[in-house]
Amino acid sequence: MSDASETGGKNFIRGIIADDLSSGRHDRIVTRFPPEPSGQLHIGHATPICLNFGIAAENPGAVCHLRFDDTNPVTEEAAFVEGIQQDIRWLGFDWGDHLHFTSDYFEALYGFALQLIEGGHAFVCDLDSEQIAERRGNLTEPGVESPSRGRSPIESRDLFQRMRAGEFESGSRVLRAKIDMASPNLTLRDPVLYRIQRETPHHRTQKEWCLYPLYDFAHSLSDALEGVTHSLCSGEFYERRPLYNWMIEHVKVPSKPRQIEFARVNLSYTLLSKRRLKQLVEDGSVDGWDDPRMPTLAGLRRRGVPPAAIRNFCQEIGMTPGEGGRSRTVELGVLEHAIREELNEHAPRVMGVLDPLKLVIENLPEGEVDELECANHPNRPELGTRRVPFSRELFIERADFMEDPPKKFFRLAPGREVRLRYAYFVTCTGVVKDGDEIVEVRCRYDPATRGGDAPDGRKVKATLHWVSAAHARLAEVRLYETLFTVEDPDAGGDDGDFRSHLNPESLVRLADARVEPSLAEAEVGATFQFERQGYFCLDPRSTPERLVFNRSVTLRDTWARVSKKAGG
RNA sequence: UGGGGCGUCGCCAAAUCGGUAAGGCAGCGGCCUUUGAAGCCGCCAUUUGCAGGUUCGAGUCCUGCCGCCCCAACCA
């Protein structure tokens with residue numbers, strides 16, 4: 001697969017842009033990614049990020065603005081502004097000098113509101129939120145007009161200026177567009193444009209404003225102010241498009257952007273609602289926004305997922321129209337495949353034993369150490385080799401030995417010969433048990449097979465990974481499963497109880513793992529393939545005394561499927 | 001129930017003016033293998049929610065059903 005950032009991936013939006021360019025409608029494309037700094041970005045945001053920044057990267061002269069849509073102080077925090085920028089950079093994108101904030105436009109937007117008022121298109125409404133809701137009507141009945149609706153532009157303007165001046169209490173008055181209370185599109189029933197909010201200071205403008213614009217007004221007009229040509233958003237905004245266009249038509253704006261909706265992406269076994277992810281963080285169900293089980297970009301990063309895997313994933317799943325709020329649920333396997341594909345190519349191979357079982361080589365004297373040459377990547381010799389110590393006492397994976405193996409198990413068992421990777425053939429001569437528990441496997445090795453090949457050409461059916469007991473480093477290895485046990489943890493929406501589907505085994509800590517000594521020098525964030533096990537990433541909280549590895553993703557495991565099938 | 005949108009393989013998704021169902025993931029067989037990994041080869045929709053109609057020809061047009069989704073924050 002080629003890299004998504006280079007080829008982009010054809011889709012209906014790129015088609016529209018190509019047409020707009022060839023028809024001369026635009027000669028320079030401007031897109032924007034407009035996160036609200038009220039939480040961390042997640043995998044669902046990756047698609048629009050790749051789309052918007054990708055389009056900017058592939059069209060000469062095009063740019064993608066990063067604009068923080070910070071119009072609601074009560075949910076927003078400066079910390080998220082920082083985190084979001086870090087995530088986007090990590091994903092591989094850059095906004096140049098186009099870092100913007102809707103709050104930068106508060107004055108301009110205020111002026112637009114005045115224009116609307118003076119043109120008779122907006123009025124100050126004295127109703128409170130409850131009264132407004134009562135009069136909005138419902139799906140089948142039209143709404144009723146506000147008593148304030150007939151107010152003169154002069155009076156509305158005066159009131160609006162006094163709202164700004166802080167003369168009124170929060171919630172006591174709003175500015176509303178004058179559109180159509182009977183519209184079947186509820187969004188057009190005199191929508192609220194500005195609210196008063198005096199209690200919570202804004203993270204950038206502090207107490208400068210006690211008036212804050214709402215989404216439909218602020219977003220469309222900010223796009224216009226920035227000269228955005230294509231305003232791409234998810235399908236849930238489809239029915240607001242008429243309102244988006246209404247703003248642009250009723251205000252003197254420097255440019256007229258076009259809103260296009262795409263179908264939102266969901267992932268199976270995953271929750272992608274910012275509100276609910278926030279709950280998991282706040283109630284301690286996970287260890288912060290960057291918990292490796294979280295679908296956040298920060299979580300995926302800590303888990304060891306390479307950004308290129310996410311870009312490729314986005315390209316792989318494509319982009320489809322979002323009319324009517326369409327969304328799609330992609331199987332987790334597609335993401336895992338993209339991760340494996342990337343890691344298989346780039347992750348150096350090492351040996352690590354997750355669940356150690358001692359193996360003693362009877363015909364190798366104590367104290368003797370053999371340094372064996374191991375390939376860092378069998379398919380890429382240019383990545384070189386490293387030396388790994390081999391000695392009389394080793395650890396192998398407990399799951400690689402069975403005293404009484406079933407038919408299709410071809411790893412180590414009494415009397416059987418296997419290869420220790422890059423080392424020697426060993427034959428099991430017996431076991432030492434403590435009650436029912438196997439505490440040690442005894443073997444003899446064949447010195448003629450050094451490196452892993454038998455000069456007489458004999459074959460073995462299995463190759464095992466191992467570490468030298470005396471040389472291995474102790475490590476904690478964290479295995480992750482899905483955070484939820486059901487495909488759609490968000491089923492039922494607000495009536496559903498997503499917490500009841502939390503997977504109690506989403507994190508398993510193996511505190512007694514042993515890894516080869518070369519890993520002592522690993523850098524935080526580096527990802528390795530533990531041969532035959534999976535891909536593991538050194539956690540930021542790792543210390544030289546106690547290495548901590550996160551499992552990014554397992555290797556495909558045919559044996560697991562075979563044994564499961566056989567075992568019923 | 002008012003309005004709107006959508007239904008192509010288990011999941012995602014292609015298919016210019018109607019011209020005879022891409023691809024990816026998953027799955028299944030086999031080859032290869034010093035990772036039961038990776039790689040390689042092959043199989044995997046006579047059929048596009050259903051029923052009719054127009055046409056030489058329909059996933060693409062028409063009609064009628066069926067199903068699913070979105071919209072009633074001073075959130076974004």
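It should be emphasised that the depicted structure is a prediction, and the values quoted were computed from it without experimental measurement. Quick note on labels: first sequence line is chain A, next is B, and so on, each numbered from 1.
- For B:A73, the base adopts the syn conformation, since its glycosidic angle falls within 90 degrees of zero.
- Going from atom CD of A:Glu323 over to atom C1' of B:C68 covers 16 Å, rounded to whole Å.
- No side-chain donor from either of A:Gln529 and A:Glu531 sits under 3.5 Å from a side-chain acceptor of the other.
- Of the two residues near RNA chain B, A:Asn185 and A:Phe237, the one whose nearest nucleotide lies more 5' is A:Asn185.
- For A:Asn138, counting side-chain heavy atoms from C-beta on, the closest listed nucleotide (B:A72, B:A37, B:C74) is B:A72.
- Using Watson-Crick or G-U wobble geometry with both donor-acceptor distances under 3.5 Å, B:G19 finds its partner in B:C56.
- The side chain of A:Ser129 has B:C74 as its nearest neighbour among B:U35, B:C74, B:C71.
- Here B:C74 presents its P atom at 17 Å from CZ of A:Arg173, a figure rounded to the nearest Å.
- Closest to the A:Phe409 side chain, of the nucleotides B:A76, B:A14, B:G36, is B:G36.
- Here the P atom of nucleotide B:U35 and the CG atom of A:Leu372 are 16 Å apart, to the nearest Å.
- Both tests hold for A:Arg173 against A:Phe168: distance to the six-membered ring centre under 6.0 Å, angle to the ring axis within 45°.
- At whole-Å resolution of the value, CZ in A:Arg532 and P in B:A38 are 14 Å apart.
- Close to B:C25, at under 4.0 Å from its OP1 or OP2, lies a side-chain N or O of A:His337.
- Across B:G36, B:G27, B:C74, the shortest atom-to-atom separation from the side chain of A:Arg556 is found for B:G27.
- Contact between the side-chain N/O atoms of A:Arg328 and the OP1/OP2 oxygens of B:A13 is found at a separation under 4.0 Å.
- Within the structure, every side-chain polar atom (N or O) of A:Thr463 is placed at least 4.0 Å from both OP1 and OP2 of B:U33.
- Listed candidates were B:C6, B:G4, B:A76. Nearest to the side chain of A:Tyr238 is B:G4.
- Within the cation-pi definition used here (under 6.0 Å to the ring centroid, within 45° of the axis), A:Arg204 qualifies as a partner of A:Phe101.
- Under the 6.0 Å cut-off for aromatic ring centres, A:Trp559 and A:Phe410 do not qualify, their centroids lying 6.0 Å or more apart.
- Note: CZ (A:Phe262) to C1' (B:C6) measures 17 Å, nearest angstrom.
- Between A:Phe549 and A:Phe530, the distance separating the two ring centers is shorter than 6.0 angstrom.
- Comparing B:C74, B:U35, B:A13 by their nearest atom to the side chain of A:Arg136 picks out B:C74.
- An OP1 or OP2 oxygen of B:A76 is reached within less than 4.0 angstrom by a side-chain nitrogen or oxygen of A:Thr71.
- Base contact: A:Leu127 has a heavy atom under 4.0 Å from a base atom.
- Considering only the side chain of A:Glu239, B:C71 comes nearest among B:C6, B:C71, B:C74.
- Side chains of A:Thr71 and A:Asp69: no donor on one and acceptor on the other come within 3.5 Å.
- Each of A:Gln533 and A:Val330 has a nearest nucleotide on RNA chain B; the 5'-most of these lies closest to A:Val330.
- Contact between the side-chain N/O atoms of A:Arg195 and the OP1/OP2 oxygens of B:A73 is not found at any separation under 4.0 Å.
- The phosphate of B:C28 (OP1 or OP2) has a side-chain N or O of A:Arg561 nearer than 4.0 angstrom.
- Checking B:G27, B:U35, B:G5 against every side-chain atom of A:Arg421, the shortest atom distance belongs to B:U35.
- Judged by atom type and distance alone, A:Gln529 reaches the base of B:U35 through a side-chain donor-acceptor pair under 3.5 Å.
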